[in-house]
Amino acid sequence: MSPFSRFAIYFAAVARCGSLRRAAEKLHISASAINRQILQAEEEFGTPLFERLPEGLRMTTAGELLYDNLLRWQKEFQLTRQQFDELQGLKRGSVSIGMVQALAEGSFAAALADIITSWQWLELNLRVADSHAVSEKVRQADVDFGLILDPEGQAGLSVLAFVELAMGVVMRPDCPLAQAAALSLGDLSHLRHIVPRRAAYRARPGGDALSALRLFPGKQHQLQ
DNA sequence: GGGAGGGTCAAGCATTACTG
DNA sequence: CAGTAATGCTTGACCCTCCC
């Protein structure tokens, strides 16, 4: 049972797909049926929701406003359903988390496993993507919160928590620095090195340690 | 039975990409 | 550059289901 009208479902599908045809394929109905709903709504609202372009439909400002609100209403309805369950004494809920690949294993994965074990009634939906995609999902209310790198570089998002991550260096056992107890950036500067893509390591805007390595571009290779 | 709402199908039109 | 195919939106005609 959904409190959202056909129009809301169709509108959201077109907004996501950017095309009537693709939305129609996704919803398994004809494009003309969706088009009628949208045209009818635009007439009622007195404002166009989409721009008709050769390559498909693009949301107007009014359309974007409606889409944002629709996502928020859907999220709030989920919370309402949870509150209904609580009223009936049911303990149930779901949390959607977006996270970068780097966190999908190790201590964070172990912590998630603990949560799943401790609260078996809780449904966890995990989405793995790059930082930019995760932050977009948070903006669009597609996930409840995200775990990303470079959170301070994402405009329009609230950073609820922040942790410093230790940086590691891997090298062959026969490398002269392999036995060193500690390394500084200066120790590494004269060696050829490989760094991950910028999006994967950028921890804070400006002043991060790896930025210093960019002083030696001739000795650097970047992973794609 | 008839109206309303919502669906499909087919045709038309516009734009873009491809091809000779 | 013109012809053609592909893609996508719109519209008209018609059908089905539900409700009064």
Side-chain angles (χ1 to χ4, degrees), chain A residues 1-90 92-101 104 123-146 148 150 153-157 196-200 222-224:
Chain A
M1 168 67 187
S2 167
F4 298 102
S5 65
R6 270 191 177 78
F7 161 72
I9 295 165
Y10 295 175
F11 170 78
V14 175
R16 273 193 290 270
C17 298
S19 157
L20 277 178
R21 279 195 189 279
R22 285 196 291 274
E25 284 172 13
K26 198 171 179 183
L27 296 171
H28 301 108
I29 60 168
S30 70
S32 57
I34 297 176
N35 186 47
R36 283 184 206 285
Q37 290 285 335
I38 290 173
L39 289 176
Q40 193 180 328
E42 287 179 328
E43 193 179 337
E44 257 182 57
F45 296 153
T47 182
L49 300 172
F50 291 100
E51 285 179 72
R52 273 68 177 174
L53 303 172
E55 63 270 26
L57 270 63
R58 185 174 65 197
M59 276 186 285
T60 60
T61 304
E64 286 178 358
L65 187 64
L66 178 60
Y67 185 56
D68 284 348
N69 283 329
L70 193 57
L71 293 175
R72 194 162 44 80
W73 296 335
Q74 287 177 337
K75 204 72 202 171
E76 285 175 1
F77 178 63
Q78 279 183 9
L79 293 175
T80 304
R81 288 289 303 269
Q82 286 178 23
Q83 288 167 350
F84 287 170
D85 289 343
E86 286 168 15
L87 282 175
Q88 294 173 53
L90 298 173
R92 197 164 60 192
S94 70
V95 177
S96 300
I97 305 171
M99 57 195 288
V100 293
Q101 177 69 43
E123 181 185 331
L124 277 179
N125 297 305
L126 300 179
R127 315 263 182 91
V128 177
D130 61 45
S131 282
H132 178 72
V134 171
S135 58
E136 274 306 304
K137 286 181 185 299
V138 173
R139 281 195 189 88
Q140 294 177 4
D142 203 18
V143 296
D144 295 308
F145 63 91
I148 62 174
D150 188 25
Q154 305 290 344
L157 296 180
R197 279 180 302 165
R198 184 156 184 82
Q222 194 168 77
L223 290 180
Q224 296 304 313

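Note that these values count all heavy atoms, side chains included, but never hydrogens, waters or copies made by symmetry. To find a chain, count down the sequence lines: A is the first, B the second, and so on, and within it residues start at 1.
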Expected output: side-chain A/Asp144 to main-chain A/Ile97 donor-acceptor under 3.5 Å
no

Please state how far atom [atom1] in [X] lies from atom [atom2] in [N], giving the value in whole angstrom units.
X	N	atom1	atom2	result
A/Leu20	C/dT11	CG	C1'	13 Å
A/Gln37	B/dA4	CD	C1'	13 Å
A/Phe7	B/dG7	CZ	P	13 Å
A/Asn35	B/dC13	CG	P	17 Å
A/Ile34	C/dT11	CD1	P	16 Å
A/Ile38	B/dG5	CD1	P	18 Å
A/Leu39	B/dG5	CG	P	16 Å

Test side chain to side chain contact (heavy atoms under 4.5 Å, CB included) applied to A/Val95 and A/Phe145, step by step:
CA-CA 9 Å; A/Val95 177; A/Phe145 63 91; 3.9 Å; yes

Decide yes or no, distance alone: a donor-acceptor N/O pair under 3.5 angstrom between the base of B/dC9 and the side-chain of A/Ser32.
yes

When you get a sec, tell me which of B/dG7, C/dC9, B/dC9 is the closest nucleotide to the side chain of A/Ser19?
C/dC9

Given B/dG7, C/dT10, C/dG12, which nucleotide is nearest the side-chain atoms of A/Arg36?
C/dG12

Side chains of A/Val14 and A/Leu20 in contact at under 4.5 Å (non-hydrogen atoms)
yes

Describe the nucleic acid contact of A/Tyr10 in one word from base, sugar-phosphate, nothing, applying a heavy-atom distance below 4.0 Å.
sugar-phosphate

Parallel, tilted or perpendicular: ring planes of A/Phe50 versus A/Phe11, cut at 30 and 60 degrees
tilted

